[in-house]
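The structure appears below as structure tokens.
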Amino acid sequence: MMESMSNASTDKTAATEASEATPVSHPEPTDSTQPAAAANDVRQTTIVEHSITDDLDKLLAILPTDLCQKIEQHPQKADLVEVIMDLGRKPEIRFPNGAEDITEAVITHEQLQESIAKVGDFGGDNRAGIERTLHRISAMRNRRGDVIGLTCRVGRAVFGTVGMIRDLVESGQSILMLGRPGVGKTTALREIARVLADDLGKRVVIIDSSNEIAGDGDVPHPAIGRARRMQVARPELQHQVMIEAVENHMPEVIVIDEIGTELEALAARTIAERGVQLVGTAHGNYLDNLIKNPTLSDLVGGIQSVTLGDEEARRRGSQKSVLERKALPTFEIAVEMQERQKWVVHPNVAKTIDILLRGLLPSPEVRSVEADGKVAVAQIAGSKTATPPNKGRRVVPLGGQVPLGGPMNHRSATPIAQAKGWRASGRMVPPTADRSMQPLQSQAQIVPSAHTLGLRENANGILDNLPNSETNPLYVYPYGIGRHQLEQAIVTLELPILLTKDLDSADVVLALRSHVKNHTKLRHLANARQIPIHTLKSNSMPQIAQGLRRLMQLDEEGLDTPPDLSLFTRGESDDELEALEEARLAVEQIVIPKGQPVELLPRAGLVRKMQHELVERYRLKSSSFGTEPNRRIRIYPA
């Protein structure tokens, strides 16, 4: 068997070298509505065909006789993923496209014990294996510790999967593989270890916590080639074995499967700082998931809160506390395994994390295997899902190319966009003495979170994916106003407004009155460019929404129509809706028609805030009084 594996490896290496000598072609981009439409670089390279070794007969040998015979005769036997045996239930076999019951008879306790006796010992993670194979047997136990169910997963050595990222593997940089369970992370990890050890001649040590990479038994499976394997006695000791491997065995590469604890993430950083290449996996579909995971965020550099100065916070139009990357990432490259034949590659994790924390869109590579056995690599700019192009949207192309038709700002060496919004169409009137500091009194509805709407900025600071865009939208330069709140109001009100960070391309400046009053530089720049400045009294959502409506010269919504109370809630709970309904009835049945003040029932602070915002919608005043937990609001007539 070793000889056949060696021949397969030699054939694969020769085929790969031949593919590298093949000239690279650059086909034209496809239909603009597809994800690849945003591609700025598309190339194809030939890869070897995949060869699979699964030793399926050894797994079937541990199953009950009748179950084994049924699977042997099944037409999809080659695609088998798992066999499920639960006590008192029909056995189930699973394939990539579904599952089915294989027999009508239920599993008995004797059948479970017969299968358990044919496999190795179960470890602390309730996993066992079959010696010299890659199959994994996982046990389910009852409260007494007795096995009442088995999950028999087929382990396959797939040769050729590394072809999609072979250039990254050869770069010597640390690689992190991300993906949901069952997408093939361990299979790819096993192939990467073999290529690094056999083809590149590096000293590779695999940290095999559950014997899933190199198989069960003391002799590792031939699929890992010349790589060495260190077994882990208990899963909670994996981080210690990682450090031991570096200190005792002088590896050039360490391969780790399923980094899942803070200690393992810390051990990985220690290894990387000693100059050892790391190749590891972690559960999570996208790189964004690691940012939100406090346990594993250190793998991508860690996240910390930073307090900005007043001037910088105003310039960004954000809060003074923002999130930034704490240190260099442990892994320089990240691969999101969305499907078995489609991977998204982030070749510079540090840059990608910085872009994500700023709310911008990264530009990853999408690598996929086509039907003819070729790898298509596309450099795209956009979200992970295809979105239709928006009219009036400006996108900065990759590669540093300067758009035609705009003058150059010599200070920043970036193009200054010519006016093409309302100023270009003649709809925006230049400022006059009585309009340049026009205050806006506003009120509006509370809108959903911008994060739930999938809003992000593109590389030019322009809000993407706006609904109801026009050919000449209104470009607004916000100053001192939260961009997330502006984005929420724009999307909910469906206004053709685009936010920009470039004052030269803005049609209007929207700022807080308190910030503009003492900021002579902003007023001077706006007057020099003939850009009107509109101010808001406060940074509240009602003020922002009403201000945007007045910028668009829209009439006020009538107050005869009952408001949609769900727009004022934060979590849409019954308690919140009940409190808002109480406030609405008090206003419409007592305060307005009878001119009498009304006191509402005591509520929590967040709910009282929602009631105040609803009352403001009716242009009435309200105040809170009393002490907790009996603090409540009083509504006054106009």
If I take atom [atom1] from residue [X] and atom [atom2] from residue [Y], how far apart are they, to the nearest 0.5 angstrom?
{"X": "Leu296", "Y": "Ile291", "atom1": "CG", "atom2": "CD1", "value": "12.5 Å"}
{"X": "Leu266", "Y": "Ile259", "atom1": "CG", "atom2": "CD1", "value": "11.5 Å"}
{"X": "Leu522", "Y": "Leu503", "atom1": "CG", "atom2": "CG", "value": "7.0 Å"}
{"X": "Leu510", "Y": "Leu548", "atom1": "CG", "atom2": "CG", "value": "6.0 Å"}
{"X": "Glu273", "Y": "Thr330", "atom1": "CD", "atom2": "OG1", "value": "7.5 Å"}
{"X": "Tyr286", "Y": "His346", "atom1": "OH", "atom2": "NE2", "value": "10.0 Å"}

Partner residues of Glu212 under the salt bridge (charged side-chain N to carboxylate O under 4.0 Å, His left out) criterion, sequence neighbours left out: Arg127, Arg136
Sequence-distant partners of Asp298, salt bridge (charged side-chain N to carboxylate O under 4.0 Å, His left out), two or more places apart: Arg269
From CA spacing to verdict: side-chain contact (heavy atoms from CB on, under 4.5 Å), Leu499, Glu487: CA-CA 8 Å; Leu499 303 183; Glu487 293 164 2; 4.0 Å; yes
Any [X] side-chain heavy atom under 4.5 Å of [Y] side chain:
{"X": "Leu196", "Y": "Val279", "answer": "yes"}
{"X": "Leu299", "Y": "Asn293", "answer": "no"}
{"X": "Val335", "Y": "Leu178", "answer": "no"}
{"X": "Val322", "Y": "Leu308", "answer": "yes"}
{"X": "Ile544", "Y": "Leu486", "answer": "yes"}
{"X": "Leu512", "Y": "Thr535", "answer": "no"}
{"X": "Asp507", "Y": "Val476", "answer": "no"}
{"X": "Ile533", "Y": "Asn527", "answer": "no"}

Intermediate values then yes/no, side-chain contact (heavy atoms from CB on, under 4.5 Å), Gln338 and Val344: CA-CA 7 Å; Gln338 297 182 355; Val344 176; 3.2 Å; yes
Grab the two heavy atoms, one from [X] and one from [Y], that are nearest each other, plus how far apart they are.
{"X": "Leu278", "Y": "Ala268", "result": "CD1-O, 3.2 Å"}
{"X": "Tyr477", "Y": "Lys501", "result": "CE1-O, 3.5 Å"}
{"X": "Ser321", "Y": "Ser305", "result": "CB-OG, 3.9 Å"}
{"X": "Tyr475", "Y": "Ser505", "result": "CB-O, 3.5 Å"}
{"X": "Gln277", "Y": "Val169", "result": "NE2-O, 3.6 Å"}
{"X": "Met177", "Y": "Ala188", "result": "CE-CB, 4.1 Å"}

What residues form a side-chain contact (heavy atoms from CB on, under 4.5 Å) with [X], not counting sequence neighbours?
{"X": "Arg340", "result": "none"}
{"X": "Gln304", "result": "Val306, Lys326"}
{"X": "Leu168", "result": "Ile165, Ile175, Ile333, Val345, Arg367"}
{"X": "Pro96", "result": "Asp79, Val81"}

Suppose we screen for side chain to side chain donor-acceptor pair (under 3.5 Å). Which residues come up paired with [X], at least two apart in sequence or across chains?
{"X": "Asn285", "value": "none"}
{"X": "Thr281", "value": "Asp257"}
{"X": "Glu258", "value": "none"}
{"X": "Ser368", "value": "none"}

Under a 3.5 Å distance rule, please check whether [X] uses its side chain to pair with a backbone N or O of [Y] as donor and acceptor.
{"X": "Gln173", "Y": "Glu332", "answer": "no"}
{"X": "Glu264", "Y": "Gln238", "answer": "no"}
{"X": "Ser297", "Y": "Gly302", "answer": "no"}
{"X": "Lys185", "Y": "Arg180", "answer": "yes"}
{"X": "Asp354", "Y": "Lys351", "answer": "no"}
{"X": "Arg190", "Y": "Ile213", "answer": "yes"}
{"X": "Arg325", "Y": "Ala327", "answer": "yes"}

Qualifying residue, where the test is side-chain contact (heavy atoms from CB on, under 4.5 Å) with Glu336 and the options are Val183, Leu176, Leu287: Leu287
Qualifying residue for side-chain contact (heavy atoms from CB on, under 4.5 Å) with Val195, from Lys202, Arg166, Glu170: Arg166
Residues His534, Val509; criterion side-chain contact (heavy atoms from CB on, under 4.5 Å); working and verdict: CA-CA 6 Å; His534 291 258; Val509 175; over 6 Å; no
Chi angles and distances behind the side-chain contact (heavy atoms from CB on, under 4.5 Å) call for Leu357, Ile355: CA-CA 6 Å; Leu357 291 177; Ile355 291 175; over 6 Å; no
